[in-house]
Amino acid sequence: MNDALKSNADILAQLALLGTEHNRLDDFLLDPSRGTKLMQALVAFDPGTTGFKAEDIYAAAHGVGRLTESLLDHLIAKYNGNDRIKNRIASGNLLLQLRSGPALDRKSLNRAIGTFYLDWPYAAHWRRDLYRIPEGGLTVFGLVYGGLQKLRDLMDEQTGLA
């Protein structure tokens, strides 16, 4: 097994554990360096490396989705009264999409990514937007763009859609 394939396999296994015991948002809030390591792993993840089972990719997407949902729920509750936050509706839409269930196919993965990008161009202009507030070394943008989108790209590579 080459290095990129082994690295991706390790990252996929770790992503699948997100949201489970000892890998919940509270654990990341207590130790922000864990969030930083996760974000670095998502940057290092190479969707051009193929050879993984679809079930493993969807399990990883489910883990990223669970952590993204927890983070977004936490941010909405924490910053709900802040007038500078302009993206509450879009954040709520993404939260509803994440709560609708795990990605069981490419379409459901695309729905979560599409819901995120629907209002992202407008959100980018707000410095304290809910998507961009770092919390525990994590950002919603990093999890969706670095996690869900790269996993979808990996599926595309494997099915020849890329």
Side-chain angles (χ1 to χ4, degrees), residues 1 3-80 87 90-117 120 129-159:
M1 184 182 288
D3 289 342
L5 201 60
K6 184 177 178 344
S7 175
N8 266 12
D10 291 342
I11 293 169
L12 281 175
Q14 293 301 314
L15 293 178
L17 294 174
L18 293 175
T20 62
E21 189 176 356
H22 304 297
N23 287 300
R24 292 192 170 93
L25 178 63
D26 291 341
D27 300 313
F28 285 87
L29 295 177
L30 291 173
D31 184 6
S33 67
R34 290 185 70 191
T36 303
K37 289 177 187 174
L38 173 59
M39 290 295 120
Q40 289 169 342
L42 291 176
V43 168
F45 187 80
D46 179 14
T49 303
T50 60
F52 300 98
K53 295 180 190 168
E55 304 87 52
D56 295 335
I57 297 169
Y58 292 129
H62 186 50
V64 172
R66 284 189 301 250
L67 190 60
T68 308
E69 176 188 338
S70 297
L71 174 61
L72 191 53
D73 191 41
H74 171 80
L75 292 174
I76 289 170
K78 184 174 181 178
Y79 294 100
N80 198 26
N87 213 15
S91 299
N93 290 342
L94 178 59
L95 192 58
L96 288 173
Q97 181 62 49
L98 292 167
R99 286 182 175 162
S100 70
L104 300 174
D105 57 17
R106 192 176 179 284
K107 259 179 143 173
S108 57
L109 200 50
N110 270 341
R111 273 194 295 276
I113 294 167
T115 302
F116 173 76
Y117 280 110
W120 175 250
D129 187 86
L130 285 174
Y131 292 138
R132 299 174 59 194
I133 298 169
E135 199 79 8
L138 301 168
T139 65
V140 176
F141 177 77
L143 291 171
V144 173
Y145 182 78
L148 294 179
Q149 185 166 315
K150 280 194 173 184
L151 290 168
R152 195 262 330 263
D153 293 347
L154 176 59
M155 290 297 299
D156 288 353
E157 285 286 337
Q158 292 192 172
T159 57

Enquirer: Locate the shortest heavy-atom distance separating Thr49 from Ala4; write the atom from each residue and the value.
Expert: OG1-CB, 3.6 Å
Enquirer: Would you call Gln149 and Arg152 a side-chain contact if the rule is heavy atoms closer than 4.5 Å?
Expert: yes
Enquirer: Working to the nearest 0.5 Å, report the span between CZ of Arg106 and CG of Asp156.
Expert: 4.0 Å
Enquirer: Closest approach of Leu42 and Gly142, non-hydrogen atoms and distance?
Expert: CD1-O, 3.8 Å
Enquirer: Of all residues at least two apart in sequence or in a different chain, which pass the side chain to side chain contact (heavy atoms under 4.5 Å, CB included) check with Phe45?
Expert: Asn8, Ile11, Leu12, Pro47, Lys150, Leu151, Leu154
Enquirer: Restricting to non-hydrogen atoms, name the atom on Ala112 and the atom on Leu94 that form the minimum distance, rounded to 0.1 Å.
Expert: O-CD1, 3.7 Å
Enquirer: Which residues satisfy the side chain to side chain contact (heavy atoms under 4.5 Å, CB included) test with Ala90, sequence neighbours excluded?
Expert: Asn87, Asp119, Tyr131
Enquirer: Excluding sequence neighbours, so at least two apart, what forms salt bridge (charged side-chain N to carboxylate O under 4.0 Å, His left out) with Asp10?
Expert: Lys6
Enquirer: Between atom CG of Leu72 and atom CD of Gln97, what is the distance when rounded to the nearest 0.5 Å?
Expert: 12.0 Å
Enquirer: Can you name the residues that form a side-chain hydrogen bond (donor to acceptor under 3.5 Å, both in side chains) with Asn93, not counting sequence neighbours?
Expert: none
Enquirer: Are the side chains of Gln158 and Ile57 in touch, meaning some heavy atoms are under 4.5 Å apart?
Expert: yes
Enquirer: Please, which pairs that meet side chain to side chain donor-acceptor pair (under 3.5 Å) have at least one residue in residues 58-77, sequence neighbours excluded?
Expert: His62-Arg66, Glu69-Arg99, Asp73-Arg99, His74-Glu135
Enquirer: Measuring from Leu143:CG to Leu38:CG, what's the distance to the nearest 0.5 Å?
Expert: 6.0 Å
Enquirer: Could you note down all residue pairs passing side chain to side chain donor-acceptor pair (under 3.5 Å) where residues 32-44 supplies at least one of them, sequence neighbours left out?
Expert: Asn23-Arg34, Asp31-Ser33
Enquirer: Mind checking the CZ-CG spacing from Phe28 to Leu71? Nearest 0.5 Å is all I need.
Expert: 10.5 Å
Enquirer: Could you tell me the separation between the CZ atom of Arg132 and the OG1 atom of Thr139, rounded to the nearest 0.5 Å?
Expert: 9.5 Å
Enquirer: Is the ring pair Tyr145/Tyr117 parallel, tilted or perpendicular, if the boundaries are 30 and 60 degrees?
Expert: perpendicular
Enquirer: Which distance, rounded to the nearest 0.5 Å, do you find between the CG of Leu15 and the CG of Leu67?
Expert: 9.5 Å
Enquirer: Leu109 and Ala103: which non-hydrogen atoms are nearest, and at how many Å?
Expert: CD1-CB, 3.8 Å
